[in-house]
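See structure below.
Whatever order the structure lists ligands and atoms in, that order sets their numbers, starting from 1. Because only heavy atoms are used, hydrogens play no part in the values below, and waters and symmetry mates are left out as well, while side chains stay in.
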Amino acid sequence: MRAIGLLGSPRKKGNTDQLLSLFMDRLAGLGMETQTIDVCRRHIEPCKELTVCETKGTCPIDDDMHKEIYGLLRDADLVILASPVFFYGVSAQLKALIDRCQTLWARKHLLKLNDSRHNLRRGFLLSVGATGGKQLFDGIHLTAKYFFDAVAARYAGSLTYRHIEKRGQIMELPSLAEDVAAAADQLADGLAGRPKVIFACRENAGRSRMAAAFARIHAGDRLDVISAGSAPAAAVNPVMVAAMAEKGIDMGFSTPRLLDGALDGSPPAALVTMGCGEACPHLPGTLRLDWDLPDPAGKEIDFVRQVRDTIEEKVIDFLNQHPDLPPKQTGEL
Ligand SMILES: Cc1cc2nc3c(=O)[nH]c(=O)nc-3n(C[C@H](O)[C@H](O)[C@H](O)COP(=O)(O)O)c2cc1C
């Protein structure tokens with residue numbers, strides 16, 4: 001499980017920074033893989049309304065959104081949006097990131113593509129402001145809810161603090177640690193501790209990505225599904241992305257990841273390989289399967305469609321045959 005924090009304050013060690021750090025630390029303590037993006041120190045151009053995203057589902061602006069952030073949002077189970085109140089809204093830097101998520105909004109609402117976590121992902125808002133008015137967080141709440149819809153996350157709540165102004169003042173709140181713990185635990189409820197299933201192939205650019213997407217769609221939130229590769233490619237196979245789009249599944253912006261990292265933390269209940277078996281470690285107690293599937297790399301779309309459909313059937317069989325993962329400790333398989 002991955003949680004991404006979007007830090008929208010430019011002030012280092014400021015209130016938002018400290019609040020988000022506490023929140024992400026709590027999620028890490030619950031077994032989440034966490035990453036915080038310091039939005040104000042990244043290269044993120046504002047939306048130029050080129051409207052390319054409306055027809056092509058991509059943005060031609062070449063910056064950190066493309067290089068990294070769209071991919072991180074796609075791979076996240078939890079998205080934590082954190083901002084100080086600046087004129088009743090989020091900071092300008094964070095607003096630029098939010099506006100650039102119009103690309104994800106267009107993929108979802110205009111191109112009718114859903115990424116495989118769309119029913120699972122949760123979004124949470126953290127915010128602080130200096131004044132005490134009743135409507136202080138109204139604007140930010142509206143922006144956050146619309147942002148979470150664009151990134152296919154269900155709005156799951158917020159923690160907001162009034163009368164917080166000088167740097168680090170938030171740490172003086174006696175209830176802070178308790179508030180953060182309760183909110184983070186509730187946000188992760190039902191996600192932390194699920195059996196982990198890893199689908200792996202060599203490059204994590206085609207087969208294992210499709211398998212993981214189908215597993216998320218067919219298993220819902222009962223499993224923590226990850227895909228990875230023993231030698232990840234630089235990017236996913238575009239023909240695979242096109243073949244999955246025919247089924248309404250959005251694989252755009254997903255990024256191949258290394259198997260070693262996916263094996264960190266609690267051992268998986270199951271590891272399903274498809275072409276990288278020899279490079280995978282032996283994991284006692286892990287259900288180990290190897291699917292003999294042809295490699296779709298470099299192949300025409302007809303071929304990839306067949307591999308896609310075979311993978312979906314195999315995933316459904318796998319889920320039906322193993323309704324009670326994790327298996328009992330059986331040693332060698
Ligand atoms: C440009 C700017 C605009 C602000 N606008 C508001 C505002 O509209 N309402 C408010 O209550 N506080 C406003 N503040 C105060 C900050 O929200 C407050 O100091 C907050 O604690 C800063 O959080 P940080 O330390 O994470 O940056 C503003 C501060 C700045 C610098």
Side-chain angles (χ1 to χ4, degrees), residues 3-29 32 34-48 63-65 68-69 72-73 76 78-102 122-148 150-151 153 155-188:
I4 178 173
L6 300 172
L7 173 60
S9 169
R11 183 152 69 165
K12 282 197 168 172
K13 297 279 168 218
N15 299 307
T16 315
D17 187 0
Q18 307 229 33
L19 176 58
L20 180 62
S21 292
L22 284 177
F23 203 90
M24 299 306 278
D25 286 352
R26 182 74 186 188
L27 292 176
M32 296 262 167
T34 58
Q35 183 171 351
T36 295
I37 301 289
D38 189 350
V39 173
C40 303
R41 287 166 188 84
R42 304 305 287 260
H43 174 209
I44 301 172
E45 301 273 329
C47 173
K48 296 182 169 51
D63 61 4
D64 286 348
M65 290 304 291
E68 192 183 4
I69 297 170
L72 288 173
L73 287 167
L78 300 178
V79 179
I80 320 301
L81 189 71
S83 182
V85 178
F86 279 5
F87 287 86
Y88 285 90
V90 297
S91 68
Q93 295 91 334
L94 186 59
K95 187 61 166 44
L97 180 150
I98 290 172
D99 289 352
R100 292 290 301 292
C101 288
Q102 178 74 356
R122 300 173 188 178
F124 196 87
L125 170 69
L126 300 173
S127 189
V128 295
T131 57
K134 214 171 130 230
Q135 294 172 301
L136 182 57
F137 298 105
D138 286 4
I140 287 195
H141 266 113
L142 287 171
T143 304
K145 285 179 181 171
Y146 203 53
F147 165 72
F148 288 136
V151 301
Y155 170 72
S158 67
L159 262 187
T160 55
Y161 292 96
R162 293 176 170 79
H163 304 296
I164 301 293
E165 187 164 17
K166 66 178 194 322
R167 185 201 302 261
Q169 188 186 343
I170 193 152
M171 299 307 278
E172 295 164 15
L173 292 178
S175 67
L176 187 69
E178 216 176 291
D179 294 350
V180 166
D185 292 1
Q186 195 181 4
L187 182 64

Answer yes or no: is there a donor N or O on one side and an acceptor on the other, between the side chain of Asp99 and the main chain of Cys47, under 3.5 Å?
no
List the residues meeting side chain to side chain contact (heavy atoms under 4.5 Å, CB included) with His163, not counting sequence neighbours, and say none if there are none.
none
Of all pairs that satisfy salt bridge (charged side-chain N to carboxylate O under 4.0 Å, His left out), the ones with a partner from residues 164-175, not counting sequence neighbours:
Lys166-Glu172
Report all protein residues having a heavy-atom distance below 4.0 Å to some atom of ligand 1; order the list by chain, then number.
Ser9, Arg11, Gly14, Asn15, Thr16, Pro84, Val85, Phe86, Phe87, Tyr88, Val128, Gly129, Ala130, Thr131, Leu136, Ile164, Glu165
Got a sec, which pairs hit ring-ring contact (aromatic ring centres under 6.0 Å, His included) with one end in residues 5-29, sequence neighbours left out?
Phe23-Phe124
I'd like to know if Arg26 and Asp185 make a salt bridge, using a cut-off of under 4.0 Å between side-chain N and carboxylate O.
yes
Determine, step by step, whether Asp179 and Tyr161 satisfy the side chain to side chain donor-acceptor pair (under 3.5 Å) criterion, reporting the C-alpha distance in whole Å, the side-chain angles of both residues, the deciding distance to 0.1 Å, and the verdict.
CA-CA 11 Å; Asp179 294 350; Tyr161 292 96; 2.5 Å; yes
